[in-house]
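The structure appears below as C-alpha cells.
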Amino acid sequence: MSNVIAFVRDSLTSLVSRMGTDRDKAATTFYAHTVMSDEQLIAAYSTAWLPRKIVDIPALDACRKWRDWQAKKPQIEAIEEEEKRLNVKGRILEAAKKGRLFGGAAVYIGTGDADPMQPLEVDRIGKGGIRYLNVMTRRQLSAGEIDRNPESEWYGQPSYYKLSGANGLQVDIHPSRLVRFTGAMPADDEITGNPWQGWGDSVLQATLDAVKNADSTAGNIASLVFEAKIDIIRIPDFMASLSNETYRAKILERYTLANMSKGINGTLLLDKEEEYETKTAQLGGLTDILMAFMQIVSGAADIPVTRLLGQSPAGMNSTGTSDMKNYHDRIQSMQELEFSPAMRRLDECIERSADVKDPDVHYRWAPLEQMSEKERSEIFKATADAARQLVGTGTGQEIIPREAVSDALVNRLVEDGVLPGLDAAMEKYGTLAEQEPSEEELAAAAAANQNQPSANQRRAANDAAPRTLYVRRDVINRAELIAWAKEQGFTDIVPDLHVTITYSKQPVDWFEMGESWSPRLEISAGGPRQLEALGQKGEYYALLITANELKWRHEAMIELGASWDWPDYQPHISIQVGGDIDLSKVTPYQGKIILGPEIFEEVRED
C-alpha cells in the first residue's frame, strides 16, 4: 500500500487585504490553460480592431514587399508570371492570416493527381503543372496520426490530413501537398490537451488578457467622459417627500424646466433654500494610463506602437527608428525561419510549372526598409569608389584584375537593383573581359597617352610638383552632335566638343587625383537634357546633361584639394560661343553621348 501525502490549504481570509479571496492581488501569479473556441476567435477578430490588427499586421508586412528572384531575366519573368497566374502572394497572405488567427491553415497545391494521399513528386511537374492553390484552415483540415518514426521527414507532424468535404465526404491528403502555417507554437499537445492536435495556437491566445485590459480601460475612460461634469442640487426634505406621487411629478417637472432654462440662457432658477454645485472629474493623465495599456498590448503582440496604432512617436528626439528596425528584423526572421521552409516545396513546383529548371535560381525577401534615392546614390558611389581602389591606377599594380572586379561589381549592382536592366545589358554587350576595344577607343586612348604621364612618371608620383589642373572628356560621337546642332540653327560650332570635369587654378598633385573607372563613358539616350546660356554675358550656348560618373569624379577631385570657381557643378557640353540663338526654339539633343578618357592638362587662361 503506497503512502499518500495530501496538501491542505487553510481557509483563512483577510477582510482588509482580501488575501485568500477572489480579489487577492497575488491571484494573477497563477496561470491556467484556457483554449479560446473558434466562436470566440471569430468574434474577437470580427468585432474588435486590436485583435484584427494583431493577426493581420505581421502577416501583411511579411508579404507586402514579397521577394526578388535571382536568375536570368527570361527566367524571372516566367516565374513571376506563374506567381501571378496562381495568385501565390494572395494565397500565402490569406493562409498566414488564418494560421495566426486559428492556429492552423494551409495552402493546398493542386496538381490534378487522382490520389492526393500519395506524396507530391516535384520532379514530375511540368510546365503549367500547378493548376490551382486553395487555402484551408484547421476547421476543415483535421490532423491524422502523428508520425513518430525518427527516420521520417515528417517526424512529430501528422502523417496525413483529413479534409471534410460536402455531404460528409472526407479526403486524405499527404502533408507534402500542403504549405502549412501553424500560428504560435504550442507548448505541448499532450499536456495542454490541445483539441487541434497537429496544429498550433492562435496568436490571440497569449495576447487576449492584454487586449481585454486595454479595451476595458478605453471603455471606462469613454464612460467617464460622459460623467465628467455632474450637477448636484440639494432640496429640503427631498427624501421624506418622495413617497408623495404628486411631489415626485412636480420635482421632475420643476428640474426639467430648470435644466431647459439653463440650457437656453445659462441661468439656473432655484428656490432660496435649494443649494446647487457642480463637480467636475479630473481627466488629466488618463491618456497616459491608456497608452501604458497599449504599450503592454504592443509588447504582447510584438508589434511597435507606431505600427500598431499607425501614429508617429511622441516625445523629444523620438523617431521610432530603433523600434521599427527591430520589428523589421523580426519580420525578416519570420520570412526566413517560417515562410521559406514552409514554401520550399511550393517554390520548387512553381519553378517547374514556369518551365525553369536551373538549380542556381533562388530568391531573397525584399527588405521592408526602402532606401531613399540619396542613400542608394551614396551606396552606388561608395561601391564604385571601392572598385577603383581595388583596380589601382592602371600601372600594373592592381590589387585584383580589372576584369574580376568588373564582374563582381556587376553582380553587386544587379543584386542591389540600382541599375534596372543591367543584367540584360550585360548579356547583350558582354563583360569587360569579352569586349574588344573599338577603333575610336584605341584612337582616343592613344591621344590621351600623349597628354598622360608615362609609367615611370607615375611611379615617381610622390616627387611630382603640384600644378594647376584642367580635366575633360572629349565627345567621341562628335559627328552626331554636330548634325543635330546644324539642324537647330547653330553655325559656329565648337570644334572640340567636350565635358569639363575639373578646372582647378589651385595647384594640386595630379597623381593623387587617381583615374576614372572606365576610359569610355556612354550616356544613354534620353534623360534630362536642356539648352542654356552660360557665362557672365550668356555667351556660351551649352547642352546640360547628367551623369553620376562625372559628378562623382568632380566631387572626388574637390575633396582632394582641387578648386572650383563656380557655386556648383553641372556637366555640360558647350555647343557654340557667341552668336544670336533663340534657345526657346531649340530642341535639346536626346541621342546617345559617348565620352572618351579623362585628359589631364594645366589650366590655360585662354
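Heavy atoms only: backbone and side chains are in, while hydrogens, waters and symmetry mates are out. As the structure is a prediction and not an experimental result, all values here were calculated from the model.
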Salt bridge flag under 4.0 Å for residues R177 and D113: yes

SB check K551 E555 (cutoff 4.0 Å): no

Minimal non-hydrogen separation, P58 against K53, with atom names: CD-O, 4.1 Å

Exam field: side chain E559 to backbone G561, donor-acceptor pair closer than 3.5 Å: no

Nearest heavy-atom neighbours spanning Q488 and V586: OE1-CA, 3.5 Å

Minimum heavy-atom distance between S516 and E598, given as atom pair plus value: CB-OE2, 3.5 Å

Carboxylate-amine/guanidinium proximity below 4.0 Å for D347 and R344: no

N-O pairing of K592 and E480 below 4.0 Å: no

Atom pair OG (S563) and CD1 (I558), whose distance is rounded to the nearest 0.5 Å: 6.5 Å

Parallel, tilted or perpendicular: ring planes of Y503 versus W566, cut at 30 and 60 degrees: perpendicular

Closest heavy-atom pair and its distance - A562, T502: CB-CG2, 3.9 Å

Any I599 side-chain heavy atom under 4.5 Å of H498 side chain: no

Test: D496 and R472 ion pair at under 4.0 Å: no

Partner of W66 by ring-ring contact (aromatic ring centres under 6.0 Å, His included), out of F339, Y363, W365: W365

Heavy atoms from other residues, nucleotides or ligands near CZ of R85 exceed 12 (cutoff 6.0 Å): yes

Basic-acidic side-chain contact under 4.0 Å: R345, E348: no

